[in-house]
Amino acid sequence: MKDNKLANLIANGEISVEELAKATDLINRANLVVEGIAACKKTLVFPVGTTEIDCYSYMDKAGEYSAWGSCTNDGIFRCFCNWGGNHEIGRVSLMSFRNVFLAFENSEFEDNLRRFLKEQIEKAKG
């Protein structure tokens, strides 16, 4: 059990077996983040001399909500939306699994981050 942190958490009573069984959404999130970051490394290309590229655009079916995003050449993905006036809803370093994983805790950012990562995964499969 030395190497299995989850088993240790259960053994120490810090997490129950029932709580672990309900952790499917976290496991799915972790898989999305791993696949998404790998895809971004393949799909986000910067022409020589470019420091930022537009890489995400979304509009709901009603045409009322729109979001867009860009990525800098140092791996920072920034996302904006028009809901309540144009503003930044989140930013995250695509160079850090931990940062991307935790960025899903931002409820205003999570849906667009999920869509962005899924788009990159699909593009990488190309």
Let me see the working for Leu117 and Gln120 under side-chain contact (heavy atoms from CB on, under 4.5 Å), right down to the final yes or no.
CA-CA 5 Å; Leu117 292 175; Gln120 299 311 308; 5.5 Å; no

Would a distance-only check, ignoring hydrogens and angles, find a side-chain to backbone donor-acceptor pair under 3.5 Å from [X] to [Y]?
X: Thr50; Y: Pro47; value: yes
X: Thr43; Y: Ala39; value: yes
X: Asp74; Y: Thr51; value: no
X: Glu19; Y: Ser16; value: yes

Intermediate values then yes/no, side-chain contact (heavy atoms from CB on, under 4.5 Å), Ile53 and Leu44
CA-CA 8 Å; Ile53 58 170; Leu44 299 177; 4.2 Å; yes

Arg29 to Phe101, cation-pi by 6.0 Å centre distance and 45° axis angle
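Verdict for Phe101: a cation-pi partner in Arg29.
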
Identify the two heavy atoms, one from [X] and one from [Y], that lie closest to each other, and give their separation to 0.1 Å.
X: Leu20; Y: Ile10; value: CD2-CD1, 3.4 Å
X: Ser70; Y: Glu52; value: OG-OE2, 2.5 Å
X: Ala124; Y: Lys42; value: CB-CD, 4.3 Å

Value rounded to 0.5 Å, distance of [atom1] in [X] from [atom2] in [Y]:
X: Phe80; Y: Arg91; atom1: CZ; atom2: CZ; result: 7.0 Å
X: Asn82; Y: Tyr65; atom1: CG; atom2: OH; result: 7.5 Å
X: Asn4; Y: Leu9; atom1: CG; atom2: CG; result: 9.0 Å
X: Asn86; Y: Trp68; atom1: CG; atom2: CH2; result: 3.5 Å
X: Glu108; Y: Trp83; atom1: CD; atom2: CH2; result: 11.5 Å

Heavy-atom distance under 4.5 Å between the side chains of Glu88 and Cys79, does that happen here?
no

With a 4.5 Å limit on heavy-atom distance, are the side chains of Leu32 and Phe104 in contact?
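Yes, their side chains come closer than 4.5 Å.
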
Please list, chain by chain and in numerical order, all residues satisfying salt bridge (Lys or Arg N to Asp or Glu O under 4.0 Å) with Lys125, sequence neighbours excluded.
Glu122

Does Asp54 CG have over 12 foreign heavy atoms under 6.0 Å away?
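Not more than 12 within 6.0 Å, no.
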
Taking the six-membered ring for Trp, are Phe77 and Phe116 parallel (under 30°), tilted (30 to 60°) or perpendicular (over 60°)?
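If you compare the ring of Phe77 with that of Phe116, the planes turn out parallel.
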
Under the side-chain contact (heavy atoms from CB on, under 4.5 Å) test against Cys40, which residue among Val100, Leu94, Ile121 passes?
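Of the listed residues Val100, Leu94, Ile121, the side-chain contact (heavy atoms from CB on, under 4.5 Å) partner of Cys40 is Leu94.
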
Audit row: Cys81, His87, side-chain contact (heavy atoms from CB on, under 4.5 Å) steps and yes/no
CA-CA 6 Å; Cys81 84; His87 66 285; 3.6 Å; yes

